Amino acid sequence: RNGNIKKKGKKMTEEEKRIGSNMAYVNGVAILVNFVIIALLIGPDAVGYDTTYGAMTDILQFVAGFSAACVVLVAGKVWDWENNFYFGLMSRIVFVVACIQMLYGVAATATANSVFDSTFNADQVQAMGGATTWFQFVAFGLYGLSLLSVDDGKLPGWGRSVGYGFVVLVLEAQLGALFGLIPATLFVPIFVLGGVVLYPAFIISVGSTISKS
């Protein structure tokens, strides 16, 4: 009999609600500021670790990873990840992805400024982190899709719209990029629209929903 009883999600505390909501805004802002630095100060064609602005972008990447991890944990309670298998699975996967973002977040800067000899230089360490980018985008896309699939009207209408826009764009773009079907000239505007416009808007709508839960 007990096996048929559906578990109820743990009640979210006011502190968790505050943290989840604030971190959603932090995540969106960190991504936007990081993009501005890369696009306007470093330059999109630059290759390797930038000694002038590298520390700033690394710290912003760490902040983005930390804030994303916070949002995922709190959103899990809002949308009851304990009783929604795929949403719970993708929440846990994206939490790990966020930890990887933190892991590589300041690795290149730490390597560049290390007083010890290192097998890898800052450019190589940054490239290692960049090699995981494809899966990170796919994971966040699938996470967004799983959240939207279990949403029962909690998200505002505009949040669902930008969410589906982000999910469709990022998954199609990453699938095309995997097989070399998207030229660089087209990939850049897709990246800007999906990763710099739609994703921040979606995560902010998640934060807004958390604050009203």
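Keep in mind the model is a prediction, meaning the values are calculated, not measured. One is the number of the first residue; the rest follow in order along the sequence. Just so it is clear, the values below take in all heavy atoms, side chains as well, and ignore hydrogens, waters and symmetry mates.
Residue Tyr86 qualifies as open at atom OH: its count of foreign heavy atoms under 6.0 Å is 12 or below.
Taking each heavy atom of Ser91 and Val72 in turn, the nearest pair found is O-CG1, 3.2 Å. Across every non-hydrogen atom of Val71 and Gly20, the tightest pair is CG2-O, 3.8 Å. In terms of heavy atoms, Gly144 sits closest to Val167 at C-CG2, 3.8 Å. For the residue pair Val206 and Ala75, the shortest heavy atom distance occurs at CG1-CB, 4.3 Å. Taking both residues in full, the closest heavy atoms of Lys17 and Ile210 are given as CG-O, 3.0 Å, listed atom of the first, atom of the second, then distance. Between Gly65 and Ala98 the shortest heavy-atom distance is O-CB, 3.3 Å.
Every side-chain contact (heavy atoms from CB on, under 4.5 Å) that Val162 has, sequence neighbours left out, goes to Trp158, Leu198, Ala201, Phe202. Evaluation of the side-chain contact (heavy atoms from CB on, under 4.5 Å) rule for Phe179 yields Leu175, Leu181 as partners, not counting sequence neighbours. Listed by chain and number, the residues in a side-chain contact (heavy atoms from CB on, under 4.5 Å) with Ile19 are Glu15, Met23, Cys70 (sequence neighbours excluded). With sequence neighbours excluded, the residues that form a ring-ring contact (aromatic ring centres under 6.0 Å, His included) with Tyr143 are Phe87.
Rounded to the nearest 0.5 angstrom, Leu155 CG and Leu147 CG are separated by 6.0 Å. Note that the OG atom of Ser146 and the CG atom of Leu89 stand 8.5 Å from one another [nearest 0.5 Å]. Here the straight-line distance linking atom CZ of Phe191 with atom CG of Leu169 works out to 11.5 Å at 0.5 Å rounding. In this structure, the separation between NZ on Lys77 and CD on Glu82 is 8.5 Å, given to the nearest 0.5 Å. For the atom pair Ile203 CD1 and Tyr25 OH, the distance stands at 11.5 Å (nearest 0.5 Å). For the atom pair OG (Ser213) and CH2 (Trp79), the distance works out to 6.5 Å, reported to the nearest 0.5 Å.
Of the residues listed (Val33, Asn27, Asn34), the one engaging Ile31 in a side chain to side chain contact (heavy atoms under 4.5 Å, CB included) is Asn27, and it is the only one.
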Enumerate, atom names and distances included, each donor-acceptor pair closer than 3.5 Å involving a side-chain atom of residues 129-140, sequence neighbours excluded.
| from | atom 1 | to | atom 2 | distance (Å) |
| --- | --- | --- | --- | --- |
| Thr132 | OG1 | Gly129 | O | 2.7 |
| Thr132 | OG1 | Gln136 | NE2 | 2.7 |
| Thr133 | OG1 | Gly130 | O | 2.9 |
| Trp134 | NE1 | Gln174 | O | 2.7 |
| Gln136 | OE1 | Gln101 | NE2 | 3.1 |

Please table the atom pairs, donor to acceptor, closer than 3.5 Å between any side-chain atom in residues 120-127 and protein atoms at least two apart or in another chain.
| from | atom 1 | to | atom 2 | distance (Å) |
| --- | --- | --- | --- | --- |
| Asn121 | OD1 | Asp123 | N | 3.1 |
| Asn121 | OD1 | Gln124 | N | 2.8 |
| Asp123 | OD1 | Tyr49 | N | 2.6 |
| Gln124 | OE1 | Asn121 | N | 2.9 |
| Gln126 | OE1 | Tyr49 | N | 3.2 |

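Follow the hydrophobic side-chain contacts under 4.5 Å out from Ile42 and you never reach Val196; the two are in separate clusters. Cluster membership check: Ile38 does not share its hydrophobic cluster with Ile190, using side-chain heavy-atom separations under 4.5 Å among Ile, Leu, Val, Met, Phe, Trp and Tyr. Residues Val29 and Tyr199 are members of separate hydrophobic clusters, defined by side-chain heavy-atom contacts under 4.5 angstrom among Ile, Leu, Val, Met, Phe, Trp and Tyr. Taken together through direct or relayed side-chain contacts under 4.5 Å among Ile, Leu, Val, Met, Phe, Trp and Tyr, Val168 and Leu193 form parts of separate hydrophobic clusters. Under a hydrophobic clustering in which Ile, Leu, Val, Met, Phe, Trp and Tyr are joined whenever their side-chain heavy atoms come within less than 4.5 Å, directly or via other members, Leu60 and Val106 fall into different clusters.
In this structure, Ser67 contributes its side chain and Ala64 its backbone to a donor-acceptor pair below 3.5 Å. Remark: the backbone N or O of Ala107 is paired with a side-chain donor or acceptor of Thr111 at under 3.5 angstrom.
Looking only at side-chain heavy atoms (C-beta outward), Asp50 and Thr57 stay at 4.5 Å or farther from each other. Contact annotation: the side chain of Val26 approaches that of Val63 to within less than 4.5 Å [non-hydrogen atoms, C-beta and beyond].
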